[in-house]
Amino acid sequence: MRQSMLFAPTLRETPAEAEIISHKLMLRAGMIRKSAAGVYTYLPLAQRVLTKISRIVREEMDRENGQELALPIVQPAEIWRESGRWDVYGDEMFRLTDRHNREFCLGPTHEEIITTIVKNEVRSYRDLPLRLYQIQNKYRDEIRPRFGLMRGREFIMKDLYSFDVDEAGLEESYQAMYRAYNRIFSRCGLRFRPVEADSGAIGGNSSQEFMVLAEAGEALILYCDSCNYAANVEKAVSVISQAAADNEIKPMERVATPEQKTIDEVCSFLKIAPEQTVKTLFYGTDFGYVAVLVRGSDQVNEIKLGNIVGGNKLYLASPEEIQEVFGLPVGYVGPIGLDPAKVRILADTLVEGMHQVVVGANEVGFHYQYVEPQRDFPKVEYVDLRTACAGERCPHCQGHLLEARGIEVGQIFKLGTKYSKALGANFLDEKGQSMPIIMGCYGIGISRTMAAAIEQNYDENGIKWPMAIAPYQVHLVPVSADQLPVAEELYRDLTAQGVEVLLDDRNERPGVKFKDADLIGIPIRITIGPKGLAQGEVEVRFRQTGEDARWSIGEVVQNAVKFIQSALKATETQAL
RNA sequence: CGGGGUGUGGCUCAGCUUGGUAGAGCGUUCGGUUCGGGACCGAAAGGUCGGAGGUUCAAAUCCUCUCACCCCGACCA
């Protein structure tokens, strides 16, 4: 490609709307332009990157017996009603109505539609397993689209759905995708980590996310410093050693705590640690209120809580609400005296092992101390409810948990029979019995992967593309028009060898060309200038490392090919 | 949905407090001088000041409504 012909309007200044690196650099490098909040145009450079990522994804999907198809974006409401998600998805779904007043949505995901297709065509166990995928736009009307391509309302996703006859088959499909995903992100040149994940709205029981490690990541992950345990904080569990009841057991005692409402206030007033208190929160749910007990120092993990209580609605009740519904004063609320018949009481498992605890007395200005949970409020359900934190112990070994931020670029789920049952996708097994198909689903955010790659590969001058997903592999920069004939010759020779070359044939000053080259971030920059040419050489700069080299004109093609191949191989072998 | 902020030429922004009919830098076009890390000189094009309504002799500026975009939050007693 000749740069004079390239549609890549670069910017000297960063548009005010961009906050994070990838967004800024993609705007500046002339890769994307916004058309609405969370909706972007991909200009040619971005499109090339997306195509390359997609190609890698396709290769790895196909290698694991995936078959590409294309599902409709516009989907009828009925199948969503059948699965029960027309209402569950709520405002996040872009909905539309046709001229006959029939309802549709723009597909936020494709379980319903593909399950319907498979249900209509698959009859026998002999038709299975199937692994079907597509790479296509998804539409989600996010509460708050942000960070450029990171959280868009229209984005590109690869989604594969597996259909198996039994759990063992599902496990095989799941592992196949796990392998494929590891290869894909390695080949893309990313530093990433698979972590245990909550399965969220899609449902199912087992799930892992692939996180690209980067500061800009919206997800917090916890990982063990000595084994390979790693989990999204939404899912993470930790082990906390608790003191045994070596203290003497005292009778519960009411204690005046005037004006001491927060955990911190109560703790400093009574001279105790937050770990010795239990706080009581009320949540509103689809099934009425639940009381939730956790240590004063802990945070309720609302994802875990939501999974336990079920339904769609989950919110922390306001002080006014608690006063009105229960007649209890926030700041002094406690489990003692709560009637399990009237309100479901859930407590974090840690609470069960606590001793000499301070809790609210359900009376303004008073708390109870020396409370023994098992003695004083025995009728509670103990479940894992707390948010795990860095520094705590790994649930699998004696290691400690560390924290990192990650960008979720992929997630794999075992769905089981959730959709096949809802939509009646059955097959006849060897005995002639009708059985629901066992499903899995596996997504990769293609456009987000591009953004994530930039978050991991940039410097103050611009992007540093990994070789495998760079829009071009070699950037030829003749210093002036005098060197253009030599550059053209190299361009021709490199292109003939299959090298992807961008030739800066613009009539610009060298400084401008160099600045644009750094910004766009093509891995190998070859400067053809009078100084080098006098010695029959060109100057080479590797964008990733910043290293310089000099190649004689005659060896440019072979050196470039060699470098590209070894760069590709480095990530590819790492992937195996 | 709550809170905060911003909308002025392609980009970054000034002007608004105290109304008087729109500016700078960059970019773009033309001419010239330049030419190894975003050159210089000269000329020029380009703006319904997000939109609607109102106040006023007069509105980018004041008031009301509205739209869009950005950020924070949807938080723990």
Side-chain angles (χ1 to χ4, degrees), chain A residues 9-20 23-24 27-28 30 33-40 90-92 141-148 151 153 218 257 259-267 274 277-284 291-302 305 314-323 326 328-335 348 358-362 364 367 385-387 460-462 477-483 504 506-520 525 527-534 538-539 541 548:
Chain A
T10 57
L11 301 173
R12 294 193 182 207
E13 284 178 281
T14 306
E17 72 196 50
E19 194 74 10
I20 64 165
H23 191 193
K24 288 179 181 174
L27 286 168
R28 283 196 58 210
R33 289 294 183 265
K34 183 176 68 183
S35 79
V39 181
Y40 290 86
D91 293 335
E92 211 170 301
D141 195 0
E142 294 281 349
I143 298 177
R144 184 145 89 89
R146 56 181 142 182
F147 301 150
R151 184 167 293 279
R153 296 192 295 171
E218 291 187 270
T257 49
E259 301 297 317
Q260 313 299 311
K261 297 172 90 167
T262 67
I263 292 289
D264 285 345
E265 287 165 359
V266 171
C267 286
T277 68
V278 167
K279 61 187 174 189
T280 305
L281 314 173
F282 287 91
Y283 280 86
V292 174
L293 311 180
V294 294
R295 294 196 311 178
S297 51
D298 286 345
Q299 303 238 316
V300 173
N301 183 327
E302 294 186 355
L305 177 60
L314 184 72
Y315 67 94
L316 190 69
S318 68
E320 297 74 30
E321 210 174 345
I322 294 168
Q323 185 68 49
F326 296 97
L328 295 175
V330 165
Y332 304 99
V333 177
D348 182 66
V358 169
V359 300
N362 292 328
V364 174
H367 281 77
L385 281 176
R386 65 185 294 278
T387 303
E460 62 281 5
N461 296 316
V477 183
V479 166
S480 76
D482 293 342
Q483 291 82 41
D504 196 346
R506 297 175 304 167
N507 185 23
E508 289 287 354
R509 295 165 57 82
V512 173
K513 295 184 181 181
F514 292 142
K515 287 289 184 189
D516 273 345
D518 285 348
L519 187 55
I520 293 170
R525 189 185 80 196
T527 305
I528 303 122
K531 295 176 196 165
L533 232 42
V538 296
E539 295 145 65
R541 175 164 294 177
D548 290 316

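Chain identifiers are assigned alphabetically (A, B, ...) following the order of the sequence lines, protein sequences preceding nucleic acid strands; residue numbering begins at 1 within each chain. Since this is a predicted model, take the numbers as computed values, not measurements.
Of the possible donor and acceptor atoms, one in the side chain of A:Lys279 sits under 3.5 Å from a partner among the backbone N and O of A:Asp298.
Across all strands, A:Arg525 comes closer than 4.0 Å to base atoms (heavy-atom distances). Counting non-hydrogen atoms under 4.0 angstrom, A:Ile143 reaches a base of the nucleic acid. At a threshold of 4.0 angstrom between heavy atoms, the contacts of A:Gly331 are confined to the sugar-phosphate backbone, with no base atom among them. Within 4.0 Å (heavy atoms only), A:Ala16 reaches sugar-phosphate atoms of the nucleic acid but no base atom. A:Val333 comes within contact range of no nucleotide atom at all, as no heavy-atom separation falls under 4.0 Å. Residue A:Lys34 is classed as a sugar-phosphate contact, given heavy-atom separations below 4.0 Å to backbone atoms only. Residue A:Arg33 is out of contact with every strand shown, counting any heavy-atom pair closer than 4.0 Å. Among the protein residues, A:Gln260 comes within range of no part of the nucleic acid, since none of its heavy atoms lies under 4.0 Å from any strand. Within 4.0 Å (heavy atoms only), A:Pro9 reaches no atom of the nucleic acid at all. Among the protein residues, A:Ala481 comes within range of no part of the nucleic acid, since none of its heavy atoms lies under 4.0 Å from any strand.
Rounding to the nearest 0.5 Å gives a distance of 9.0 Å between CD of A:Gln260 and NE2 of A:His367.
For RNA chain B, the outermost nucleotides in 5' to 3' order that have an atom under 4.0 Å from a heavy atom of chain A are B:C11 to B:A77.
Taking the P atoms as reference points, B:U18 lies 39 Å from B:G42, given to the whole Å. Distance check on atom P: B:C67 versus B:G19 gives 30 Å, rounded to whole Å.
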